[in-house]
Amino acid sequence: MSKIINVILSGGVGSRLWPLSRKARPKQYLPVFEGKTLFELTVERNQELASKVILVGSVQNKDLAEPFLKAVEHDIIAEAAPRNTAAAIAFAAFHADPDDILIVTPSDHLIENQEAYAEAINQGIVFAQEGFIATFGIIPTRPETGYGYIEQQGNTVLSFREKPNEETARDFLKKGNFLWNSGIFCFKAGVYLEELMRFEPKLYATSEVAFEYAEDLILDEEHSMQIPSKSIDYAVLERSDLIKVVPAHFNWSDMGAFDSLYTYFKEKGYQEDENGNIVVGSNKHTVFVGLSNCMLINTDDAVLVLERSRSQDVKQVYEQLEKENSNLI
């Protein structure tokens, strides 16, 4: 009998949330959301919709995730090297039965309004049962440049769009038929593998070999590095004629950068000064003089002072530290 399985992807390091997020504890394992982690919230949110969890992530993520999975039936597929989402989802699909329905969710998104979330996912499950690949588009609330967009007409996808500049994002909002691409998907395991084999035969074949050589669901680096690194968007979604989009009304953020974290903190009553400046990680009396819309992020070994409009640029700081082989990442 087919099952509904929540496939949780947990592979990123959250570089745009440095210095809070580190390789040893990526953003999805930071307990800053009213004492809970984004990973924990992901498991809880899908517990009523799925009977099992398959986590796909690094060995390091395996150790961090296990304490939050004790209450649910689960398997963990540990990747030896990150090969992007198309391969990660393929591993989960190989581990499932072809008729199992997979609800694929990132582990680092903040979602509120469980009722609206369940309603959207259940519609996606209906599409999956009919043989479609469902993706979920969020009704946009602002001209966001940090998200990809889905152009739609009803449940039909007209196009996928890359992250736009601000002018283009404003144009998308005016047109009224563009949704934020949530990165959440729903489909039968067999349908996804058939489409992957159709459009990316090398990626399919190398993923299959790597999965077959895995020991206790731990993949080895030699076979993993043979897999082309492609996202599910490029590998399947933008090419398949089986795609359906579900316009969703739940509150959603990918918590990808500090501007998103600021919005969350502000909604929860976090203290800020009259110029929109906030301090994270320090109880010291801090005064911002001549500055507005800034964040000071303090950790034991690093301090970041950030103008919120430059939140996306934090990734460049992380990448520079990575080049220097710094122990700060």
Side-chain angles (χ1 to χ4, degrees), residues 9 12 14-17 27 84-86 104-106 108-113 116-117 119-121 123-124 127 132-187 199 230-267 275-276 292-295 306-316 319:
L9 306 179
S15 58
R16 288 174 293 170
L17 283 178
K27 62 178 178 177
N84 218 313
T85 53
V104 180
T105 63
D108 55 0
H109 290 184
L110 181 68
I111 291 174
E112 296 175 305
N113 192 340
Y117 177 76
E119 182 181 345
I121 295 298
Q123 177 58 65
F127 282 136
F132 293 104
I133 292 174
T135 185
F136 299 84
I138 309 300
I139 310 296
T141 57
R142 61 185 183 276
E144 175 62 54
T145 60
Y147 301 153
Y149 284 73
I150 301 170
E151 183 183 11
Q152 48 82 227
Q153 184 175 346
N155 298 119
T156 301
V157 175
L158 301 179
S159 68
F160 289 91
R161 302 294 185 92
E162 297 290 336
K163 296 175 182 178
N165 58 33
E166 188 164 347
E167 183 181 353
T168 303
R170 290 185 184 281
D171 186 52
F172 287 171
L173 253 67
K174 285 180 184 177
K175 289 182 176 176
N177 67 324
F178 283 83
L179 308 170
W180 288 337
N181 189 345
S182 70
I184 303 171
F185 316 104
C186 185
F187 40 71
F199 295 113
K230 284 194 177 183
S231 70
I232 181 178
D233 301 77
Y234 289 133
V236 174
L237 294 187
E238 296 183 8
R239 301 153 82 179
S240 175
D241 55 4
L242 298 179
I243 310 302
K244 294 287 186 181
V245 63
V246 178
H249 296 271
F250 51 82
N251 298 328
W252 171 89
S253 171
D254 73 347
M255 282 296 149
F258 279 110
D259 51 353
S260 298
L261 195 60
Y262 164 80
T263 300
Y264 171 79
F265 282 154
K266 186 176 180 180
E267 289 173 351
N275 295 312
S292 59
N293 302 316
C294 289
M295 299 179 74
L306 170 72
E307 183 185 350
R308 286 204 312 278
S309 65
R310 303 291 297 274
S311 292
Q312 299 293 325
D313 295 344
V314 176
K315 185 175 182 179
Q316 297 171 17
E319 289 172 346

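For the single chain, residues carry numbers from 1 onward in sequence order. Please read these numbers as outputs of a predicted model, since none were measured by experiment.
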Compare every heavy atom of Val314 with every heavy atom of Ser15, then report the nearest pair and how far apart it is. O-CG1, 3.8 Å

Taking Glu307 for the side chain and Ser309 for the main chain, is one N or O donor matched with an acceptor at less than 3.5 Å? no

Please identify each residue that fulfils salt bridge (charged side-chain N to carboxylate O under 4.0 Å, His left out) with Glu112, with sequence neighbours left out. Lys268

Dump the intermediate steps for side chain to side chain contact (heavy atoms under 4.5 Å, CB included) on Phe187 and Phe132, then the final yes or no. CA-CA 6 Å; Phe187 40 71; Phe132 293 104; over 6 Å; no

Between Asn155 (side chain) and Lys244 (backbone), is there a donor-acceptor pair under 3.5 Å? no

When you measure from the side chain of Tyr262 to the backbone of Cys294, do you find a donor-acceptor pair of N or O atoms at a distance under 3.5 Å? no

Hits for side chain to side chain donor-acceptor pair (under 3.5 Å) against Asn181, two or more places apart or cross-chain, chain-then-number order -> Asp233

Between Asp259 and Arg308, does the salt bridge (Lys or Arg N to Asp or Glu O under 4.0 Å) criterion hold? Intermediate values first, please. CA-CA 6 Å; Asp259 51 353; Arg308 286 204 312 278; over 6 Å; no

Under 3.5 Å, is there a donor-acceptor pair linking the side chains of Thr168 and Asp171? no

Sub-4.5 Å side-chain heavy-atom contact between Val236 and Ile133: yes

Would Tyr147 and Trp252 count as a ring-ring contact (aromatic ring centres under 6.0 Å, His included) if you check the C-alpha gap in whole Å, the side-chain angles of each, and the deciding distance to 0.1 Å? CA-CA 12 Å; Tyr147 301 153; Trp252 171 89; 4.8 Å; yes

Residues Asp108 and Met255: closest non-hydrogen pair is O-CB, 3.7 Å

Applying side chain to side chain donor-acceptor pair (under 3.5 Å), can you list everything that pairs with Glu166, at least two apart in sequence or on another chain? Arg170

Within 6.0 angstrom of Arg239 CZ, more than 12 heavy atoms from elsewhere: yes

CD/Gln312: more than 12 non-hydrogen atoms of other groups inside 6.0 Å: yes

For Phe160, does the CZ atom have more than 12 heavy-atom neighbours from other residues, nucleotides or ligands under 6.0 Å away? yes

